[in-house]
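Just so it is clear, the values below take in all heavy atoms, side chains as well, and ignore hydrogens, waters and symmetry mates.
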Amino acid sequence: MGRVNVFRDLIGIIKDKASQSKAALISNPRTLSLHLALLRATTHDPFSPPDPTHLATLLSVGHCSRATAVDAIMDRLQTTRDAAVAIKCLITVHHISKRGSFILQDQLSVYPSTGGRNYLKLSNFRDDTTPLKWELSSWVRWYALYLENLLSTSRILGFFLCSTSSSVDKDTEEDKVSSLINTELLKEISSLGNLIEQIAKKPDSLNSNGNVLVDAILGLVGEDYLSSINEVSIRVSEFKERLDCLGFVDSVELVCVLRSLEECKERLSALSQRKKVMIESVWGSINEVKDQIGNSKAYKEDEGRLLMMGRRNKVSESARFGERVVMKHSGNSVKFSSGRFLSFNEFSFPAYASME
C-alpha cells in the first residue's frame, strides 16, 4: 500500500509539472504569470495548502487590470477530478472574497447569479482514488455549497463578509440596518441564518482529521462565522426595538429563523475558540427575542385565532363533504412568504386568503 501511495504522489507531481510546462508553452505572455501561479497554488498534493506566495500573486493580478483570474480558477475547478486540486481552488476563491482587489471581488460577485453556468455546483464530485481523497470529496461538495451561500448572502448584504476591503464601522452598519424596512431586514437575517446553518452542516472528519487542507477550510470558515454572528447580533438588536410594530406573519418568520439558528448552536460550539463571551451574548439575545415574540399577547391571539379557524374549517368540510378526497394544497389556503411554515400552509382559511 505504501508503494502504491508513493506512486500516486509521483503521478500527481508529474501532472503538476506537465501542466506548468504546457502553460509556459501555450499561454498568452500577458496571462502566463496568472496561469503559472494558479497551477502552483492548486497542486495535487493533499498534504499541503495553497502556497501563500502563489496566492499573493493571484490576488495581485486584479490590481493591474480586469484579468481573467476568476474565470481561470473556475475552469480549473470544473475540469479537475482530484479532490486536493478542487479544495485548493475553493480555498483560492475564498481568499478572493476576503482579500481580493475590488476588480477580483467584482468578478467573483457574478458567480452564480448571472443566470449562466453555476461553477460552484459540485454536488456530484467524487474522487475515489484513495480513502483520503474520497473523504476530501465530501469537503469539496460541502465547501462549494458553502461558498455559494456566502456569495449569495454577501450580495443581499451589499458587501463581502469578513472582507478586509469592505469592513464597515459597527455604528455605520447599525445606522444602515435601522433604515431597512421589515421585509428587507427579514431577508438579511434569513440569509445570514441560512449561511450559519450551512456552516453547521460541515462533514465529519475521519481519515481527514488533522489534514492541512481541512484545517485551512475550517480556519477561513471560522472567521466567516464570527463575522456572520456579529451581523446577526446587529439585526436581532434592531428587531428587539421593533417588536411592538411587527405583524403576525413577520413575527412567525422571525421566530422560525431564530429557532433554526438555535438548532445549530451545539454543532457550532467547537468551530471557533475566539470571542466566546460575545458569541454567548448573541445566542442569549436570540433566545430572548424569540421568547418575547412567542410570549406576546398579540402573537398568541393571532396564532390561536388561525388555529381555531383551521379546526372549524376542517370540521365544516368533513361534515359537508365526508366522502370527498381532500386535496392538500387548496387554492384558498393561507400562503406565508417563507417555506418554513409548512404546517400552517396545510390549513384552509378562506377568510384570510387576502393575506397571500
**OP:** Could you go through the side chain to side chain donor-acceptor pair (under 3.5 Å) check for Asp82 and Thr80 one step at a time?
**Re:** CA-CA 6 Å; Asp82 186 273; Thr80 187; 5.3 Å; no
Quick check on the hydrophobic clustering: are [X] and [Y] connected, directly or via other members, by side-chain heavy-atom contacts under 4.5 Å?
| X | Y | answer |
| --- | --- | --- |
| Val289 | Ile286 | yes |
| Val177 | Ile181 | no |
| Val221 | Val282 | yes |
| Leu243 | Ile189 | yes |
| Val255 | Val257 | yes |

Give the minimum heavy-atom separation between [X] and [Y], together with the two atoms involved.
| X | Y | result |
| --- | --- | --- |
| Ala200 | Arg267 | O-NE, 3.4 Å |
| Asn118 | Gln78 | O-NE2, 4.3 Å |
| Leu261 | Gly193 | CD2-CA, 3.8 Å |
| Val140 | Leu90 | O-CD1, 3.7 Å |
| Ala37 | His54 | O-CB, 3.7 Å |
| Glu135 | Asp204 | OE2-O, 3.9 Å |

Polar side-chain atom of [X] near backbone of [Y] as donor-acceptor pair, under 3.5 Å:
| X | Y | answer |
| --- | --- | --- |
| Gln105 | Phe160 | no |
| Trp139 | Ala83 | no |
| Ser191 | Lys187 | no |
| Arg141 | Asn124 | no |
| Thr153 | Leu150 | no |
| Asn211 | Pro46 | yes |
| Ser285 | Ser281 | yes |
| Asn295 | Asp291 | yes |

**OP:** Evaluate the side-chain contact (heavy atoms from CB on, under 4.5 Å) criterion for residues Leu192 and Leu161: first the C-alpha distance (whole Å), next the side-chain angles of each, then the deciding distance (0.1 Å), finally the verdict.
**Re:** CA-CA 10 Å; Leu192 285 163; Leu161 276 170; 4.2 Å; yes
**OP:** Could you walk me through whether Glu280 and Lys265 pass salt bridge (Lys or Arg N to Asp or Glu O under 4.0 Å), step by step?
**Re:** CA-CA 10 Å; Glu280 284 302 317; Lys265 181 180 178 181; 3.7 Å; yes
Distance (rounded to the nearest 0.5 Å) between [X] [atom1] and [Y] [atom2]:
| X | Y | atom1 | atom2 | value |
| --- | --- | --- | --- | --- |
| Leu59 | Lys98 | CG | NZ | 12.5 Å |
| Ile196 | Lys201 | CD1 | NZ | 13.0 Å |
| Leu145 | Leu120 | CG | CG | 9.5 Å |
| Asn149 | Ile199 | CG | CD1 | 9.5 Å |
| Ile91 | Leu55 | CD1 | CG | 8.5 Å |
| Glu231 | Leu195 | CD | CG | 11.0 Å |

Contact check, side chains of [X] and [Y], non-hydrogen atoms, under 4.5 Å:
| X | Y | value |
| --- | --- | --- |
| Asp127 | Leu136 | no |
| Leu104 | Ser101 | yes |
| Leu213 | Lys88 | yes |
| Thr42 | Ile73 | no |

So, [X] and [Y], do they make that salt bridge, N to O below 4.0 Å?
| X | Y | value |
| --- | --- | --- |
| Arg235 | Glu184 | no |
| Lys176 | Glu188 | yes |
| Glu238 | Arg242 | yes |
| Lys240 | Glu288 | yes |

Original post:
Parallel, tilted or perpendicular: which describes the rings of Tyr143 and Tyr146, with under 30° parallel and over 60° perpendicular?
Top reply: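 Rings of Tyr143 and Tyr146: parallel, under 30°.
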**OP:** Check the pair Asp45 / Thr43 against side chain to side chain donor-acceptor pair (under 3.5 Å), numbers first and verdict last.
**Re:** CA-CA 6 Å; Asp45 184 2; Thr43 62; 5.5 Å; no
Original post:
Does the side-chain contact (heavy atoms from CB on, under 4.5 Å) test come out yes or no for Arg76 and Leu39, once each step is laid out?
Top reply: CA-CA 9 Å; Arg76 182 153 172 78; Leu39 291 170; 3.6 Å; yes
Original post:
So Tyr119 and Asp71, side-chain contact (heavy atoms from CB on, under 4.5 Å) or not? Walk me through it.
Top reply: CA-CA 10 Å; Tyr119 287 87; Asp71 287 335; over 6 Å; no
Subject >> Check against side-chain contact (heavy atoms from CB on, under 4.5 Å), Ile217 and His94 >> reply: CA-CA 9 Å; Ile217 294 172; His94 207 161; over 6 Å; no
Original post:
Would Lys121 and Glu148 satisfy salt bridge (Lys or Arg N to Asp or Glu O under 4.0 Å), going step by step from the backbone distance to the final call?
Top reply: CA-CA 8 Å; Lys121 186 178 181 181; Glu148 188 177 336; over 6 Å; no
